[in-house]
**Student:** 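Please read through the structure below; I'll follow up with questions.
Sequence lines set the chain letters: A, B, ... in the order given, protein chains first and strands last, and positions in each chain run from 1.
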Number of protein chains: 2
Amino acid sequence: MPFSRNIKIALAYDGSAFQGWQAQASGRTVQGVLEEALAKILGGAPRTIAAGRTDAGVHALGQVANVRTDSTIPAETLKRALNALLPEDVVVHAVMDVSAHFHARYLAKSKQYVYIIDASLERSPFLNRYALRVDYPLDIPAMRQAAGSFIGEHDFAAFMAVGSPVKSSVRTVTVSELVMKEGRLYYIIEGSGFLRHMVRNIIGTLLMVGRGGLAPEDISGIIESRDRSKAGPTAPPQGLYLVAVNYEE
Amino acid sequence: MPFSRNIKIALAYDGSAFQGWQAQASGRTVQGVLEEALAKILGGAPRTIAAGRTDAGVHALGQVANVRTDSTIPAETLKRALNALLPEDVVVHAVMDVSAHFHARYLAKSKQYVYIIDASLERSPFLNRYALRVDYPLDIPAMRQAAGSFIGEHDFAAFMAVGSPVKSSVRTVTVSELVMKEGRLYYIIEGSGFLRHMVRNIIGTLLMVGRGGLAPEDISGIIESRDRSKAGPTAPPQGLYLVAVNYEE
């Protein structure tokens, strides 16, 4: 018998102390602590579905999940109860009833990620878990030009973690830009969906461009090659933030 | 025989993973990791003196220390070597030769601290180690008025950790103000010197004013009482930052 309610949850978390989103046999995960709190409030063994299964160390400002339940607890009460039960590094921003067919992952129309690179003159001791530190000079105009090459519908196989079990590696990127502010580089990418490690592999490649190891003009050829070995290394997780997930209204 | 050089070191650290500044028999301390790095570079067993012996969990943007040595390593080389050896949560911003009589603590003319209170509508999961979270309404104008009462030369015994071994608890505060910015309260205090827990006890008292448990007019009487039990509780350490230490030029 299907559940009577489907509930959408918007949440933020500091990914530093999590082994990523997805519940595992061992290790602290966001899904794990969220489902543990939900079980206490809703009863049973609630299962959550997230828009993006973030990796260990990756942060979220606007993750979205959904959970089905028969509980009659009002959405606002559930939000307050969750925030009372969840650990300090997870915050629920919104809880609302949605239609039965809502699915946080399959129905996501687009997602936005930001990757932060600290390229300031002096390293900050406060950013170790929140940005990638770079202490070599970067050719920002070249990186900006390279970033533009990711826009459009492409087969991103060259930027996908090897062995990812996906039917198609074609994705559409609508925004791909670099913003420099107070010594920090913010790479903003938005698209229909993302392959495993796709943003971090793009960052690794953009950094190669920034150091002169690749020319901005090389990017299109790397995308076309569909060859993971042609693109740059996977940038570390701590600079990455899942910022927003958008759904058809 | 006295050392041939006296070296001033300006440093910043994230206090989250430290048992404070002062070296201890056990536990990770800023002085401990700094002296360990200095020993590798300078040889011997260098002893550092800090301007402010920050407590566990307290951060520093502009801590100052000095160390005496006979090493002939240039200051700039020492800075680079320190940053290469120090853990990620400590950064040395400047190293310079100073006169033999320089003493980071005794010669400090004034110090500035900032305490950050996160009073925004939505708690951030990223601020747990970097601000005090307050989710009750605060009377900011009353707190601002109360903050002004700390300015001047006063006997701050009511705001000193019980049992502090000091000759005098008279200190001069030159700046004591609250700034509200994007849902966060920044309390800025500057003065000739600070007693143990003084800033945190002032914050605990200002929060009592903010909740209506004390009137701004009560502050002067509390200072005059010299009675620790009259003032508010000690606010937690994670909101506190040693921002700057100034010396006679």
**Student:** Would you find more than 12 non-hydrogen atoms of other residues, nucleotides or ligands less than 6.0 Å from B:Tyr106 atom OH?
**Tutor:** no
**Student:** Identify which part of A:Ala60 has an atom lying under 4.5 Å from any heavy atom of chain B, answering side chain, backbone, both or neither.
**Tutor:** backbone
**Student:** Which heavy atom in A:Val90 sits nearest to a heavy atom in B:Pro125, and how many Å separate them?
**Tutor:** N-CB, 4.1 Å
**Student:** Would you please classify the geometry between the B:Tyr130 ring and the A:Phe126 ring as parallel, tilted or perpendicular, with 30° and 60° separating the classes?
**Tutor:**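 Judged by the thresholds at 30° and 60°, the geometry between A:Phe126 and B:Tyr130 is perpendicular.
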**Student:** With only heavy atoms counted, which part of B:Tyr13 is less than 4.5 Å from chain A, the side chain, the backbone, both or neither?
**Tutor:**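 The answer is the backbone of B:Tyr13.
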**Student:** With only heavy atoms counted, which part of B:Glu122 is less than 4.5 Å from chain A, the side chain, the backbone, both or neither?
**Tutor:**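 The side chain, not the backbone.
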**Student:** B:Arg123 side chain to A:Val92 main-chain N or O, any donor-acceptor pair under 3.5 Å?
**Tutor:** no
**Student:** I'd like to know whether CZ of A:Arg5 has more than 12 heavy-atom contacts from other residues, nucleotides or ligands below 6.0 angstrom.
**Tutor:** yes
**Student:** Side chain, backbone, both or neither: which part of B:Arg133 has an atom under 4.5 Å from a heavy atom of chain A?
**Tutor:**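 Neither; nothing under 4.5 Å.
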**Student:** Of all residues at least two apart in sequence or in a different chain, which pass the side-chain contact (heavy atoms from CB on, under 4.5 Å) check with A:Lys109?
**Tutor:** A:Glu248
**Student:** Could you check which of A:Leu86, A:Leu61, A:Val91, A:Leu121 has the highest count of heavy-atom pairs closer than 4.5 Å to chain B?
**Tutor:**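 Ranked by heavy-atom pairs under 4.5 Å with chain B, first place is A:Val91.
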